[in-house]
Asker: 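Just passing along the structure, written as C-alpha cells.
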There are 2 protein chains.
Amino acid sequence: MALHKRDQFTSSEQQLAVIAKALGHPARIAILQLLAQRQSCVCGELVTELPIAQSTVSQHLKELKAAGLVQGEVDGPRVCYCIDRAGWARARHLLSGLLADLPEPAAACAC
Amino acid sequence: MALHKRDQFTSSEQQLAVIAKALGHPARIAILQLLAQRQSCVCGELVTELPIAQSTVSQHLKELKAAGLVQGEVDGPRVCYCIDRAGWARARHLLSGLLADLPEPAAACAC
DNA sequence: TTCGTTTATCGTCGATTAACGATTGCAAAG
DNA sequence: CTTTGCAATCGTTAATCGACGATAAACGAA
C-alpha cells in the first residue's frame, strides 16, 4: 500500500468520491434503479434486463457491493441482491450534504 | 464513433453517470467545495489549496468543465473559475431524482 | 520587445476500468 | 452420483484515468 495523493484529501471528500465513482456508470445506475423498483433482486433478472453480458453485470455488482451500496444473499443456486440499507443511507447523507454545500447559486459569480 | 454498449442505456442514466463520474475524485469534490465557499475562483488559488500539481489541477478542471459543472473565464493572464449555474442546476435535478427514486427503504428486502 | 506570471497542453508512465468469453464452483434436481 | 443451471472468477484486451514534469501560449508590465 503506497501512500497516494488521494490520502491528502479529507475523509468526507474521499467517501463522497467513492460513492460517486460507484454511480459513475450507466449500468450501475440502472442496476440500482431496478433494485429499487422491483423487489425481485435476482441476479439473473438483472442480466436479462440489461444490455450487457452476465460476467459484466457480476463485475458491476461487485463494485456496487464494494462501495457498500448493494448487498447480495445466496439463495440456493441463485443470488438475491438488494440495496444495502445502511450503506445507501450513508450515501444519501453524503450526497445531500454536497447538495447543501453547493446550493443553487443565487447570484452569478464575480468573474 | 463506434456504437458502444453505453448507448444501450437511457439518456437519463447516462447523464447521471456523467455527473457522478465527474464527482468521482476527491480533488474534484474539493474543487467544487472551494468554488462554493470562496468567490475567489482563481485557478492559482486552487493550486495552492490542493495537494496536487498545477497541471493535474488543470486536468481536473477540464473534466469538470466537460461535465458542465464548472466554467472558466479568462481574466488577463489568469482564469477565473466558478460553478456553472445551469449545469449544476441540472446536476442537482438529476441527483435529487436519484435520491427520490431510491428512498430510505422502509422495509428490509424480501431476500 | 522582452520578461515574468499564469494557465493549458503535451508526452509519458503505471494503474485502473470495462468488456467479453471461458472456466470454475455450487446447490438443487433427477 | 451425475447432470443442470446460475453466478463468480479468471484471463485477456483495449481504453481511460491520474499523476507528473516539461513545454507552450497568452497576457501585463517593465
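Residue numbers begin at 1 in each chain, while the letters A, B, ... track the order of the sequences.
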Asker: Rounded to whole angstrom units, what separation is found between the NE2 atom of B/H25 and the C1' atom of C/dT16?
Answerer: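 One finds 12 Å between C1' of C/dT16 and NE2 of B/H25, rounded.
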
Asker: Using heavy atoms and a sub-4.0 Å distance, could you list which residues of residues 54-64 of chain B are near DNA chain D? By number, please.
Answerer: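 Nucleic-acid contacts, sorted: B/S55, B/T56, B/H60, B/E63.
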
Asker: Can you identify which nucleotide, out of D/dG28, D/dC17, D/dA7, has its nearest atom closest to the A/V42 side chain?
Answerer: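 Selected nucleotide (nearest to the side chain): D/dA7.
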
Asker: Nearest whole angstrom, please: distance from the C1' of D/dG21 to the CD1 of B/I52.
Answerer: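 Result: 15 Å.
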
Asker: Reckon A/Y81 has a side-chain N or O less than 4.0 Å from the OP1 or OP2 of D/dC6?
Answerer: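 For A/Y81, the contact criterion (side-chain N or O under 4.0 Å from OP1 or OP2 of D/dC6) is not met.
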
Asker: If I take atom CG in residue A/D75 and atom P in nucleotide C/dC26, what distance separates them, rounded to the nearest angstrom?
Answerer: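 The answer, rounded to whole Å, is 17 Å.
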
Asker: Starting at atom CD1 of B/I31, determine the distance to atom C1' of D/dA19, rounded to an integer number of angstrom.
Answerer: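 Checked: the CD1 to C1' distance equals 14 Å.
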
Asker: Which whole-number value in Å describes the distance from B/K65 NZ to C/dA8 P?
Answerer: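 B/K65 atom NZ is separated from C/dA8 atom P by 6 Å.
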
Asker: Taking CD from B/E73 and P from C/dT7, how many angstroms apart are they, rounded to a whole number?
Answerer: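 Interatomic distance, CD of B/E73 to P of C/dT7: 14 Å.
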
Asker: To the side chain of B/K21, which of D/dA19, D/dA8, D/dC17 is closest?
Answerer: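 So the nucleotide nearest the side chain must be D/dC17.
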
Asker: Using whole Å, what does the distance between atom C1' of nucleotide D/dC6 and atom CD of A/E45 come to?
Answerer: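 Checked: the CD to C1' distance equals 13 Å.
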
Asker: What's the CZ-P distance between B/R78 and D/dC27, to the nearest Å?
Answerer: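 That distance rounds to 14 Å.
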
Asker: Would you please classify the geometry between the A/F9 ring and the B/H25 ring as parallel, tilted or perpendicular, with 30° and 60° separating the classes?
Answerer: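 Perpendicular, since the angle between the ring planes exceeds 60°.
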
Asker: Where the side chain of B/V79 is concerned, which of C/dT7, C/dC20, D/dC20 is the nearest nucleotide?
Answerer: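 Output: C/dT7.
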
Asker: Regarding B/Q54 and B/S58, do their side chains bring together a donor and an acceptor under 3.5 Å, going by distance alone?
Answerer: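 Checked: B/Q54/B/S58 side chains show no N/O donor-acceptor pair below 3.5 Å.
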
Asker: Under a 3.5 Å cutoff, is there a donor and acceptor pairing between the side chains of A/Q14 and A/T10?
Answerer: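 Short answer, no.
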
